[in-house]
Amino acid sequence: MTNDFSSVLNRQQYEAVTNLKGPLLILAGAGSGKTRVITHRISSLISSGIPLSSILAVTFTNKAAREMVARIRSLDQRKKLNDLTVCTFHALGLKILIKFGDLLGFKGNFTIYDQTDKQSLIKELLHELNFESEFTDAWQISALLSAIKTSRKSWNEEIQQYRAIFEEYNTRLKLLNAVDFDDLIVLPVKLFDSFPDSLSYYQNKFQYIMVDEFQDTSSRQYELIKLLAVEHRNICVVGDDDQSIYSWRGASFENITRFERDFPERLEIKLEQNYRSMRNILIAANCLIANNKIRKSKELWTKGGDGEHIQIFFPEDERQEADFIADHIHSLAIKQGIPLNQFGVLVRTNNLMRILEEAFRRENLPYRVSGGLSFYQRKEVKDLIAYLRVLANPDDNTNLLRIINTPRRGIGKKALEFIIETAEKNSCSHFSSIALIAEKDQPAVDKKMRESIGSFYNLIEQYREKFLSGRQMALNLQSLVDSIEYRAFLFQEYQKPATARLKYDYYILGLIESLADYENDPENLEPGLFNYLNLITLANQEDSTEENDQDRINLMTIHASKGLEFEVVFIAAAEKDIIPHIRSQESGEINIEEERRIFYVALTRAMSKLYISAAATRKKHGKLIETEPSPFIAELPEELLRIQEKEVPVTPDQANRYFSDLKKLLAVK
């Protein structure tokens with residue numbers, strides 16, 4: 001028997017939580033309590049007697065997964081939910097490959113290549129294949145290979161020249177016993193198609209499936225979920241096509257239509273009551289998004305009050321715009337006591353942030369920029385993670401080459417060339433080549449080179465044995481750091497000792513502490529090195545920012561703001577060619593509709609106050625250009641808008657009189 005949640009859920013939410021059998025499509029508008037519905041529904045499944053191991057909930061970020069588990073635990077008062085699977089798509093793919101990857105020819109200790117590793121391998125292949133083309137940027141080629149692998153692009157005459165790179169890249173990954181992030185979605189589908197018993201295993205295991213942010217799924221992700229659910233058909237997907245803003249990374253709101261076609265017996269529930277925003281903001285958002293032709297009809301409403309008018313400001317330039325935003329944040333924080341972390345300043349693209357940052361610094365307003373460099377992307381941390389990856393998988397050539405002379409140990413260009421040449425001659429990995437060189441007398445290797453290579457080989461073998469025992473990994477990492485004298489290396493790399501100390505204390509010791517926390521966490525049933533490396537690689541890929549409790553303004557792109565809410569929102573640079581972006585205007589109406597959805601997401605982040613600004617002029621590539629307000633502003637109801645008057649400059653005489661009057665007032669008080 002399910003829990004009675006009727007007192008804490010509205011009618012539509014309750015219906016979604018208590019309909020547990022068969023396919024269910026929940027269209028959840030912005031601020032409509034989507035996460036509450038998902039977590040209460042899982043709790044309802046558990047209380048109705050469904051085993052934890054039979055439930056799968058899939059979302060897009062580790063942060064969202066952690067929040068779900070915490071809420072479910074609070075609802076059911078359970079300390080342990082180890083048998084419940086709440087994870088990201090990539091983590092799900094990883095679980096499947098760990099279980100059945102050997103059927104595709106992978107060893108159990110395969111490495112996950114992140115974007116940096118992937119680009120390093122592509123650069124290596126470009127060199128090996130003597131590839132010549134107008135475009136040889138590793139990042140661009142990486143994006144192209146990803147689009148091909150995930151079926152977002154097909155081979156055509158324009159990109160045919162990259163086919164050899166694509167084929168050799170996939171062959172090399174297999175040889176290195178490695179996969180990239182696309183493989184974590186693509187390979188499980190291939191596995192299920194090639195080995196039906198593996199699919200049957202997971203179909204029997206996961207009898208109840210829930211998918212969060214369904215509008216953000218790619219065609220391959222949908223294919224994976226459909227395969228898992230097509231037999232038992234107990235699948236619930238939750239999404240909002242009005243918030244589908246990730247087509248550039250493969251997301252397709254058309255998956256909602258595919259779901260309707262593949263599960264025609266589905267029940268459909270709309271969540272339209274909004275618990276976030278005041279009525280004026282919702283009316284404006286509804287009017288805006290109604291201009292999109294391709295969407296599921298829904299209209300947000302609230303029991304809350306009307307709220308304030310939406311404030312529109314047309315500054316002369318971006319400097320005046322930034323000062324306006326900084327001044328208003330300062331004023332609202334002081335006069336109304338609004339915490340700084342309740343201010344969201346949203347822009348369409350990253351390159352619009354610099355002027356805003358400068359204004360915040362001038363006003364001494366602390367802020368955080370979403371999407372900054374992750375802890376695990378810092379060079380010093382990546383160096384040590386590369387060591388750990390090689391210890392887990394010595395055949396990982398990319399990370400081996402990163403650490404072989406870091407810190408410097410006398411293995412220079414000549415030694416590297418000989419190692420690679422020996423590997424090619426013996427059709428083996430670079431580490432196997434190093435073993436051959438270290439163990440055999442070869443005329444081509446002088447004594448000094450052999451000693452350097454042999455010393456490195458012994459170091460890896462010594463610590464590999466320690467780490468693979470699975471005990472005291474943090475202590476072993478500290479020992480490794482000391483053995484390679486990494487602290488001294490940092491002082492050589494950075495001229496300022498304070499910088500070197502900061503790097504060591506924050507990043508190196510921070511990584512050691514991270515490893516200690518991991519292996520001491522009672523929730524980790526198998527706290528080994530392989531699992532730790534997979535965990536941090538997934539976390540780095542899927543979570544763009546670390547949680548920060550400090551009271552700071554949130555400066556971010558609109559894309560990064562999705563799923564968040566702020567008491568006060570400023571949408572800066574709401575100008576034509578910025579939103580909608582100039583590229584979308586060249587690509588047809590379907591892209592204009594996505595740009596409108598992006599603006600809709602920005603509007604619906606605001607709880608009580610919303611400011612929109614569009615400058616009359618803006619610098620672009622060093623030149624001052626005239627701009628126009630975004631056409632989306634004209635789609636908002638005029639009666640809900642209030643134009644902010646430009647401030648008239650104060651003359652010196654006026655300023656003197658003002659301060660004189662202020663002094664008198666203070667003296668009286």
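The chain is numbered in sequence order, starting from 1. Quick caveat: nothing in here was measured; it's all calculated off a predicted structure. The figures here come from the full heavy-atom set of this structure, side chains too, leaving out hydrogens, waters and symmetry mates.
With a 4.5 Å cut-off on side-chain heavy atoms, Leu144 and Gln140 do not count as touching. Side-chain contact between Gln215 and Asn255: absent, with no pair of heavy atoms (C-beta onward) separated by less than 4.5 Å. For the pair Ile312/Phe314, a side-chain contact is recorded, criterion being any heavy-atom separation below 4.5 Å from C-beta on. A 4.5 Å side-chain heavy-atom check between Gln243 and Arg597 finds every atom pair outside the cut-off. Taking 4.5 Å as the limit, some side-chain heavy atom of His309 sits within range of a side-chain heavy atom of Gln311. For the pair Leu356 and Val345, the minimum side-chain heavy-atom distance is below 4.5 Å. Contact of the Ile185 side chain with the His90 side chain is registered, since non-hydrogen atoms from C-beta on lie closer than 4.5 Å.
In this structure, Leu365 CG and Asp327 CG are separated by 9.0 Å, a value rounded to the nearest 0.5 Å. Note that CG of Asn19 is 5.5 Å distant from CD1 of Ile269, once rounded to the nearest 0.5 Å. In this structure, CG on Leu300 lies 10.5 Å from CG on Leu271, to the nearest 0.5 angstrom. Rounded to the nearest 0.5 Å, atoms CG (Asn274) and CD (Glu299) are 12.0 Å apart. Ile633 contributes atom CD1, which lies 10.5 Å from atom CD of Glu635 (distance to the nearest 0.5 angstrom). Remark: Glu213 CD to Tyr246 OH distance equals 8.0 Å, nearest 0.5 Å.
Judged purely by atom type and a 3.5 angstrom limit, Gln273 has no side-chain atom pairing as donor or acceptor with the backbone of Asn10. Not one N or O on the side chain of Arg233 forms a donor-acceptor pair closer than 3.5 Å with the backbone of Arg266. Judged by distance alone, the side chain of Asp182 and the main-chain N or O of Lys149 form no donor-acceptor pair under 3.5 Å. Checked by atom type and distance alone, the side chain of Asp306 never pairs as donor or acceptor with a backbone atom of Arg279 at under 3.5 Å. In terms of modelled atom types and a separation under 3.5 Å, the side chain of Ser244 and the main chain of Asp241 share no donor-acceptor contact. Side-chain atoms of Ser48 come within 3.5 Å of backbone atoms of Ser44 as a donor-acceptor pair (strictly under, hydrogens ignored). Between the side chain of Asn234 and the main chain of Lys21, no donor-acceptor pair closer than 3.5 Å is present. For the pair Asn62 (side chain) and Thr88 (backbone), a donor-acceptor distance under 3.5 Å is absent. Proximity of a side-chain donor or acceptor of Ser43 to a complementary backbone N or O of His40 within less than 3.5 Å is not detected. With Asp551 contributing its side chain and Leu340 its backbone, the two residues share a donor-acceptor pair below 3.5 Å.
Results of the ring-ring contact (aromatic ring centres under 6.0 Å, His included) test with Phe570 over Phe360, Tyr611, Tyr367, Phe313 single out Tyr611 as the only residue that passes. Of the options Glu567, Lys609, Glu565, a side chain to side chain contact (heavy atoms under 4.5 Å, CB included) to Gln342 is made by Glu567 and by none of the others. Tested against Asp242, the residues Lys298, Arg596, Lys270 include a single salt bridge (charged side-chain N to carboxylate O under 4.0 Å, His left out) partner, Lys298.
Residue Glu265 places its CD atom among more than 12 non-hydrogen atoms of other residues, nucleotides or ligands, all under 6.0 Å distant. In the displayed structure, Trp139 atom CH2 is contacted under 6.0 Å by at most 12 heavy atoms of other residues, nucleotides or ligands. The neighbour count for Arg642 CZ, taken as heavy atoms of other residues, nucleotides or ligands under 6.0 Å away, does not exceed 12. Environment of CD in Glu626: sparse, with no more than 12 heavy atoms of neighbouring residues, nucleotides or ligands closer than 6.0 Å.
Residues Arg152 and Ser146 bring a donor and an acceptor atom of their side chains to less than 3.5 Å of each other. Defined by atom type and a distance below 3.5 Å, a donor-acceptor pair is present between the side-chain atoms of Ser151 and Arg220. Side-chain contact of Ser247 with Glu594: a donor-acceptor pair under 3.5 Å is present, judged by distance alone.
Minimum heavy-atom separation, Val17 to Val37: CG2-O, 3.7 Å. Shown here for Ala16 and Leu24, the closest heavy-atom pair between the two residues is O-CD2, 3.7 Å. Considering every non-hydrogen atom in both Thr150 and Ser219, the closest pair reads O-OG, 4.3 Å. Thr61 and Thr59 get closest at one heavy-atom pair: O-CG2, 3.6 Å. Ile245 and His559 make their closest contact through O-NE2, 2.9 Å (heavy atoms, listed as atom of the first residue, atom of the second, distance). Across Glu321 and Ser613, no two heavy atoms sit closer than the pair OE2-OG, 2.6 Å.
A salt bridge links Lys296 to Glu268: one of the charged nitrogens lies within less than 4.0 Å of a carboxylate oxygen. Between Glu254 and Arg258, no side-chain nitrogen of the basic residue sits less than 4.0 Å from a carboxylate oxygen of the acidic one, so the salt-bridge criterion is not met. A salt bridge links Asp216 and Lys562; the closest N-O separation between the charged side-chain nitrogens and carboxylate oxygens is under 4.0 Å.
Sorted by first then second residue, the salt bridge (Lys or Arg N to Asp or Glu O under 4.0 Å) pairs that include residues 343-353, not counting sequence neighbours, are Arg348-Glu595.
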- prompt: Would Tyr14 and Phe5 satisfy ring pair (Phe, Tyr, Trp, His ring centres under 6.0 Å), going step by step from the backbone distance to the final call?
  reply: CA-CA 7 Å; Tyr14 185 76; Phe5 294 127; 7.9 Å; no

query: Where do Glu67 and Arg71 land on the salt bridge (charged side-chain N to carboxylate O under 4.0 Å, His left out) test, with the steps shown first?
result: CA-CA 6 Å; Glu67 183 182 344; Arg71 290 200 191 187; 2.9 Å; yes

task: Could you give me the CA-CA distance, side-chain angles and deciding distance for Arg618 and Asp317, then say whether salt bridge (charged side-chain N to carboxylate O under 4.0 Å, His left out) is met?
output: CA-CA 6 Å; Arg618 188 172 294 275; Asp317 55 30; over 6 Å; no

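Classification of the Phe89-Phe60 ring pair by plane angle, with boundaries at 30° and 60°, yields tilted.
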